[in-house]
S.K.: 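One structure, pasted below without further comment.
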Amino acid sequence: MSEPVARVSPFAIAALLAGLLALLTLPLFLGKYHLHIVSSAMIFSIAAVALQLLLGFTGLLSLGQAAFLGVGAYTSGLLATGLKLPFELTIVAAGLLSGLSSLILVPILRLKGTYLGVATLGFTIIVHLVILNEEWLTHGSLGLMGIPRPSIGPWLLRSPAAAYYLYLSILGAACFVAYRLVIGRFGRALSAIMLNEDAAQASGINVTLYKAQAFVVSAVITGIAGALYAHHTQYLNPNDFSLWRSIEILLMVSVGGIGSIGGAVIGAFVVMLLPEALRFAAEYRMLIFALLLIVLMGLGQNGIAGLCVSAARAVSRRASFDPGRLERRELAE
Amino acid sequence: MTIAEMVELLVGGLAIGCIYSLIALGLSIIIRATGVLNFAQGEVVMLGAMFGLATYRLVPLPFPALFVAGALFAGVMAVIIELLIYRTLRVRRVPMVNIVISTIAMSILLQNGAQLVWGSEPIAYPRLFALEGLQLGPVRVAPQLVWIVVLALGMMLALQLFLRFTRAGLSVQAVAQDPEAAQLMGINLTRAVASTYGIAGILGGAAGVLLGSMFYASFNMGFLPGIKAFVAATLGGLGSIGGAMLGGIVFGLIETFTATSISTAYKDAVGMVLLIVILLVLPQGFAGAMRRGR
Amino acid sequence: MSALLQISGLAKRFGGLVATDNISMTVAHGQVRGVIGPNGAGKTTLLSLIGGTMQPSEGSIVFDGLEVSASPTHRRAAMGIGRTFQNIKLFDSMSVLRNVMVGSHLRGRAGIWGAMLCLPSAAAEERRLRDEALAALQTVGLLALAEVEAGSLSYGQKRLLEIARAMASTPQLLLLDEPAAGLNPTEAVALTQLIKRISESGVTIILVEHHMDVIMSTCSQISVLNYGKLLAEGSPSEVQNNEQVVEAYLGRPGLEERLAAYA
Amino acid sequence: MLEVEDLTVAYGEIVALRGVSFSVKRGEIVTLIGGNGAGKSTLLRTISGMTTIKRGSISFEGTTTSGAPVDRVVSMGIAHVPEGRRVFPKLAVEDNLIVGAHLIASKAQIRSDIEGIYDTFPRLKERRRQLAESLSGGEQQMLAIGRAMMSRPKLLLLDEPSLGLAPIIVEDVARTILSLRKRGMTILLVEQNARVALAIADRGYVIENGRIVFSNDASALRRDPRVVESYLGGRASADMGRIPAVAS
Amino acid sequence: MKLRNLAIALGLSAAFAVTPASAQIKLGVFGPFTGDAAAYGQSQKEGVEIAVKEVNAAGGVLGKKFEIVYADDAGKPEQAAAVALRLANQDEVTVLLGSISSGASLAASQIAAQTETPQIVITSTAQRITTQGNPWVFRSTIPDTAFAESLAAFVAKKYPNKKKYAFIYVNDDFGKGGFEKFNAKAKTLGMTLVADEKYARGDLDFTGQLTRIRSSGAEVLIEWSRYAEQALISKQKKQMGLNIPLLAGDGTPKYLELAGDAAEGVVYPTDFAIPTAKTAIGMALVKSVKDNYNRLADYTHAQAYDAVKLAAAAITKAGSTDKAKVRDALKTVEINGARGVFKFDAKGDPTHSAAMIVVKGGKEADANE
């Protein structure tokens, strides 16, 4: 008998393979502009997966993700423009520094629910103001210009397609790390903390330690996403990392489906690409976007992932599968 | 800083704080009654300001009447939104997080809708007060600030009286504490929740008219005060009425005094650092401390 | 028999409210200690103080020769204190098996690196924990439901699962908080037998319970709490015949007759 | 007075009640006994309109109540004291009572009803200004019953009034229920503590897995071997908690 | 599902974004049409529309009509870069016109360089936009240096005895730019800065800053904000009884409306304002804006209008829509615009200087008259 979480339904496998194939071949079909925004969506998918690890698998509401994104982006951007360090180094430094900055926040992890959300929101505001005001370091409100495109070793990733594949592989790695962390003993401890902290403690789980580990890992991944963002847009502005960005990442995770890694990726794509797709509606586009969001939430499912699971369940029921089994295979909510 | 300056700042901080308190109160009673963190509360504030203005253009009423009109309109709008959107979602028994996300969507929707209706430029409020401050000895106080403090405190007092001493107020409290048991007393939940949103809307709309008269009205005027009120409500202890009032005033004072005595650039950051420190000591905000103290 | 748990002068105050007041108690190795008393007498507070979810205002708790009153819950769990909760605290959306495997957390070592790097030792450990958990489920008779979501179990099954989860960490001392609450008499009998089996395997038990049948047939010593204070202590028969205990808690015999007379 | 006919209720795919039929006559105390999860609470919740019915009907004094919203049901004269008492913790005792009279228009009437409640429960009068959360379990149960009485009901639904109360307090509660009946109240009592329930009830229904398995006069049920075996702990005559039920 | 969503999203945007190749010359106009700065975006749109109508009515350019492709950047740099890329790559516009905020313009300028598309920035005043060594970027507004220097010179002339000044500015590229440039010039004029205060965008209450300024002993207050905040600062200054002259970095008719009588006597430099619009083209633009949109023209109208006219002149001069040739033509082209004779200097900035406005009797007036 195997761990229930480790088993994946044939639908999920099929969807995963189809999605992967689509992602792998996408640069063949897309123009520069579309590749640019899909690449952005990919980078934000990484950030969304990092938040999912906290929100969906540890039960920690963080509105501090924009801050980690900012720390990562500025670390990488400054090292690349100021010290001319190579991309491989700046991206590692971005992850490390973001992870280190998250250590400051470990004491507040004992706050619950919305209280944690507000405290981390405070962190986002603080980091935003530091980026804005410490001009000697960050160039302040003028922003940081001239960040080189990503490059690895002697091979410059000159073409947008090459960069796209780089982002894709880092997204893949982030998903893999997140997946490994949510199954097995570590992930079980995280879910236990999310579902009932008292019972988790009584089972001998060091709640503070596990929360801190999840938080730091999430910050490291978000920092790396920030570094990619810096090299992708090549220009950083403090307002890229304001409070609204944190809310946006939260939207991605909830639109995709809380508690699903794939959902976080889908959510990021929807939140990033839908307003683009709605450009034809001009000044009505955000209005339509908001309406669609309400409709999606009104469907009552756990985001798009939840919608897919219900749909798959309906199909499998028709194909006379045992519905209970599918239910059990779902990742813990 | 001279004493006179201190007093002036105190009045200014108190006025801003009172406005935060009104918005935070609205957030708090909605959380109490439904558990929903209403991200669109800031936009209700904006609606109040806009409606107050529209009323003035129709009939140039004196300020207190304008205040009431804006507040009532916002209350009605809040009820309509609740019945049309949030209630529909609740009836469908969607998870709580879906409702919270839909309030974020509502905030986007109202902001963009307001932009289409009222344009993107700030709109000046009519001059309702003398601009020159009243000179009281060495202290100079703008009459507007006095009005704001008086009206906001009056509003909060009225809310307290309503909740404590009227049967309707007790019913609202009952729904907040245990909706199911309240239902068993014959309280119509739909109506009760709608009136809670209505009260929150009235408070928000009142804050909107005050904000508008102090500054100006614009489609995005509610977002930042909404976030700050959210922080204030948390500082006070989510869902606590007294906490929300205290949290708002404390937050307003912190903001004003930080700007004067510490750093204008880091004005908001100092507030946030204090917030984090306070939450570390009192993980449930002021209300949690009061509860423990008893 | 030597003492596994020694409590002295334990007090817990919430603001002005005194939940437990100057309680002293010695629990010997292998004992089943019953704790009874009216609602609000401080029974659950006492368990929380021993388990570590609350810190005492005064007094000391010595477990297995070590002062533990300042240790956090997870450390006490690691020392061998397991517990269940009055208002069942399961991980509802996890499977029954996974719930028990959380319970055996302390019996594994794999951490964040093992998970991220896919270490083979972590995989082997995972298999071992699963086998142990399945065995634990067999003991309480829930094996057939291993893959079911814990939230969908019946009330009685949830109680059993909570005990199985607590036992999965192989505790020395098991704290049971009203395990029979909400069980029908048949289920209560099964529970009684389970408690006895656990006790026979050498685990010391502290049992808070309102269900007198369960208390009287399992406990060797009973402590009676009232208004946060220790009212009486002794064998089941001593406690049952203690006039104060009858007055404060048990009630006088002949209930039906009195009610019939009243009606 | 109350007629329940072929009632079926389901939560999603889980069927909670299957074809339940029973009746309550004016002035009776009727008890429903059964284990946890048997469907007792669901039945009460369905009568007061909190859950939707899949099949069957409920009528009260000849009027169909099934499908009516909760506030309509309350206004028809059915008051429900929920499991776990559910008093409003942050309201004063008296304010709890006032909320209980939500549907009563006349203030004078509410005033006199409150005095009536205080006469029945003098403890509540002593604590009228205290927050409900500061009351003991037994007092909270009294408050919950008093609060329900404020709507001037004809039928009182009591869900597990003895839950979590010490034996001597249970006896107090039982006396209260009897005294209400003496004053003409009709009561439908759901209890797990079958001994107390059958001691005060006129008739009883035994409910298992969402079905009524059998019913009889309370005194007959007290002696029914099936009831004795499953719900009275094996010895019908035994006093509560005095003697170990399981001699293993 | 993921695939389908993506396909729908992309399909939709492709369907609406790709227009068939036409015999028209495309201008990519991007700016904040939604979001906080949308008021500027609105003026930008109107200015562009009036100019394009005029060009097309006069027979177009090289026998082809101008076609405008709008793109909303919401005032955000990241979105500005994305839409600039779309306009340049997907829509194949000949010239990019935008944006409003300096951050957005800067981000887009990276794309302009990458895609080798000439960009005419509309209202972004940050000096750095034209000094970054990007040959593809031109600017329709005069930079903050020019505004700040004009204002400093004006202060020195008008108040020769008031040497102590305080400065309050919005903490972004705009305010920052004004602050630094003004100080540099003021120093040479013998003035001393006695208090500098900044605030974050979106702030509403400035009494803290003003209190500090009051106690600094400043004789003049210089303020560098957008008009909305500027109006609040003016009002709060008056409320506090801080009676020193106020000179500002920006101003529009909207400012007067918001500030009411607190605006009285305030002086600010402008690139274009109705009382100083003395050219025929400028006066015609004021009329067009009034007739078509029932609004008072502001400098964004003029800057957007001139930008279109510059693009038209450059394409005509280049004789083709080849983007490199258009860029080279822009460097030397000279037109009669709404703000008079317009040409670019070596950096790509306009060569004309700022006009000075004073608020008199609730109306804008030429401060030098």
Side-chain angles (χ1 to χ4, degrees), chain B residues 1-2 4-6 8-9 11-13 15-16 19 108 111-112 115-116 119-127 129-135 140-145 211 214-221 223-225 227-228 252 255-269, chain E residues 32-43 74-75 168-169 171 195-215 226-232 234-243 252-264 295 298:
Chain B
M1 211 188 298
T2 66
E5 273 174 3
M6 285 276 279
E8 283 173 33
L9 284 174
V11 175
I16 288 276
I19 293 176
I108 300 175
Q111 261 194 50
N112 284 275
Q115 190 173 10
L116 291 174
S120 31
E121 290 183 324
I123 309 171
Y125 243 67
R127 235 190 74 190
F129 314 99
L131 208 48
E132 284 78 15
L134 293 170
Q135 197 75 39
R140 194 182 175 92
V141 180
Q144 189 176 16
L145 297 184
L211 265 181
M214 212 167 159
F215 309 115
Y216 48 74
S218 78
F219 73 97
N220 58 357
M221 67 182 284
F223 183 72
L224 270 182
I227 294 288
K228 285 178 178 174
E255 218 181 64
T256 309
F257 278 94
T258 308
T260 329
S261 46
I262 302 179
S263 153
T264 44
Y266 282 107
K267 181 176 84 165
D268 290 340
Chain E
F33 304 137
T34 62
D36 297 352
Y40 290 91
Q42 185 60 33
S43 296
I168 178 168
Y169 61 100
N171 191 7
D196 68 300
E197 293 295 335
K198 48 187 171 179
Y199 64 85
R201 282 208 74 177
D203 271 3
L204 297 170
D205 182 18
F206 307 95
T207 45
Q209 287 91 333
L210 291 172
T211 305
R212 283 157 69 129
I213 286 170
R214 185 167 59 184
S215 47
R226 268 88 174 179
Y227 65 86
E229 284 102 346
Q230 183 177 326
L232 293 179
S234 311
K235 281 212 269 192
Q236 288 166 20
K237 170 177 168 287
K238 185 158 184 190
Q239 268 169 12
M240 287 180 58
L242 181 60
N243 294 319
T252 67
K254 198 73 200 171
Y255 161 66
L256 302 190
E257 194 187 316
L258 286 176
D261 47 6
E264 197 61 27
R295 288 181 61 195
D298 59 36

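Letters A, B, ... mirror the listed sequences (proteins, then strands); counts begin at 1.
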S.K.: Quick one: closest heavy-atom pair of S215(E) and E5(B), and the distance?
M.R.: CB-OE2, 4.1 Å
S.K.: Can you tell which part of K198(E) gets under 4.5 Å to a heavy atom of chain B, answering side chain, backbone, both or neither?
M.R.: both
S.K.: Write down the atom of L258(E), the atom of I123(B), and the distance for their closest heavy-atom approach.
M.R.: CD2-C, 3.6 Å
S.K.: For R226(E), is it the side chain, the backbone, both, or neither that has a heavy atom closer than 4.5 Å to a heavy atom of chain B?
M.R.: neither
S.K.: Using a 4.5 angstrom heavy-atom cutoff, name the option from T34(E), N171(E), L210(E) with the most pairs to chain B.
M.R.: T34(E)
S.K.: Can you give each donor-acceptor pair under 3.5 Å made by side-chain atoms of residues 201-208 of chain E, sequence neighbours left out, with the distance rounded to 0.1 Å?
M.R.:
from    : atom 1 : to      : atom 2 : distance (Å)
D203(E) : OD2    : K267(B) : NZ     : 3.4
D203(E) : OD2    : A200(E) : N      : 3.3
D205(E) : OD1    : T207(E) : N      : 3.2
D205(E) : OD1    : T207(E) : OG1    : 2.8
D205(E) : OD2    : T207(E) : OG1    : 3.4

S.K.: Less than 4.5 Å to any heavy atom of chain E: does that hold for the side chain of F223(B), its backbone, both, or neither?
M.R.: neither
S.K.: Enter the distance from M214(B):CE to Q239(E):CD here, rounded to the nearest 0.5 Å.
M.R.: 7.5 Å
S.K.: Pick one of side chain, backbone, both or neither for Q111(B), based on which atoms fall under 4.5 Å of a heavy atom in chain E.
M.R.: neither
S.K.: Which heavy atom of F33(E) sits nearest to which heavy atom of Q115(B), and what is that distance?
M.R.: O-NE2, 4.0 Å
S.K.: Do the side chains of Q144(B) and K235(E) get nearer than 4.5 Å, heavy atoms only?
M.R.: no
S.K.: Shorter than 4.5 Å, heavy atoms on both sides: which option in G13(B), A259(B), P122(B) has the most such pairs with chain E?
M.R.: P122(B)
S.K.: For chain B, which candidate among P32(E), G260(E), A39(E) shows the most heavy-atom pairs at distances under 4.5 Å?
M.R.: A39(E)
S.K.: Given heavy-atom pairs under 4.5 angstrom as the criterion, report whether the side chain, backbone, both or neither of I108(B) touches chain E.
M.R.: neither
S.K.: Looking at every heavy atom in both L232(E) and Y216(B), which two are closest together, and how far apart are they?
M.R.: CD1-CE2, 3.5 Å
